[in-house]
Asker: 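Have a look at this one before I ask anything.
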Amino acid sequence: WFGDHWAELAEDGFDFSPEYLRDMVEEYVYDLIGKDSTTAGFIWDMLDLNSVDWDALRDHYAPAEAVA
């Protein structure tokens, strides 16, 4: 869902951190579902953002010179 945006950032030379990627995803989810409703609680319970390898995502999308 975010790959094209992250690839564009990398092409522009933006060197982002794993924390930046996670924050972006969390903010997107907050904007979509909120945090305080019953539905939001259910969806947040189903998400496991801790299981995402944010370092691997960063390495995949980072500019080549940033990973070397």
Side-chain angles (χ1 to χ4, degrees):
W1 291 87
F2 297 92
D4 290 342
H5 178 66
W6 292 341
E8 288 175 14
L9 289 175
E11 286 176 13
D12 291 340
F14 185 75
D15 185 19
F16 38 83
S17 67
E19 294 79 20
Y20 173 83
L21 300 176
R22 182 182 178 121
D23 289 347
M24 179 183 275
V25 171
E26 285 181 345
E27 183 177 319
Y28 178 78
V29 174
Y30 282 133
D31 289 346
L32 285 177
I33 65 170
K35 185 170 176 156
D36 298 323
S37 71
T38 302
T39 303
F42 173 77
I43 293 172
W44 278 112
D45 285 348
M46 301 301 284
L47 293 174
D48 185 7
L49 296 180
N50 291 323
S51 68
V52 176
D53 188 342
W54 300 104
D55 291 311
L57 282 172
R58 187 263 183 208
D59 291 347
H60 178 78
Y61 287 105
E65 61 274 2
V67 177

Asker: Given the rule in the side-chain contact (heavy atoms from CB on, under 4.5 Å) test, do D23 and E26 qualify, once you have shown the distances and angles that lead to the verdict?
Answerer: CA-CA 5 Å; D23 289 347; E26 285 181 345; 4.1 Å; yes
Asker: Are any of the side-chain heavy atoms of F42 and M46 separated by less than 4.5 Å?
Answerer: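 Of all side-chain heavy-atom pairs linking M46 with F42, at least one is under 4.5 Å.
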Asker: How far apart are the closest heavy atoms of I33 and A40, and which atoms are they?
Answerer: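 Between these two residues, the closest heavy atoms are O-CB, 3.2 Å.
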Asker: Within this structure, what is the CZ-CG distance for the pair R22 and N50, rounded to the nearest 0.5 Å?
Answerer: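 Rounded to the nearest 0.5 Å, the CZ-CG separation comes out at 4.5 Å.
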Asker: What distance do M24 atom CE and L9 atom CG have between them, rounded to the nearest 0.5 Å?
Answerer: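 That separation rounds to 6.0 Å.
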Asker: How many angstroms lie between CG in D53 and CZ in R58, if you round to the nearest 0.5 Å?
Answerer: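 The distance works out to 12.5 Å.
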Asker: Under 6.0 Å between ring centres, would you say that holds for W54 and F16?
Answerer: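 Centroid separation for W54 and F16: 6.0 Å or greater.
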Asker: Please report the shortest heavy-atom distance between A62 and A10, naming the atom on each side.
Answerer: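 Closest approach of A62 to A10, heavy atoms only: C-CB, 4.1 Å.
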Asker: When the aromatic ring centroids of F2 and Y61 are compared, is their separation below 6.0 Å?
Answerer: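 No.
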Asker: If you round to the nearest 0.5 Å, how far is OH of Y20 from CG of L57?
Answerer: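 Interatomic distance, L57 CG to Y20 OH, rounded to 0.5 Å: 13.5 Å.
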Asker: Around D4, counting heavy atoms of other residues, nucleotides and ligands shown, do more than 12 lie under 6.0 Å from its CG?
Answerer: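 No - once you tally the heavy atoms of other residues, nucleotides and ligands closer than 6.0 Å, there are 12 at most.
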Asker: Residues two or more places apart in sequence or in another chain: which of them pass salt bridge (charged side-chain N to carboxylate O under 4.0 Å, His left out) with E8?
Answerer: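 E8 satisfies salt bridge (charged side-chain N to carboxylate O under 4.0 Å, His left out) with no other residue.
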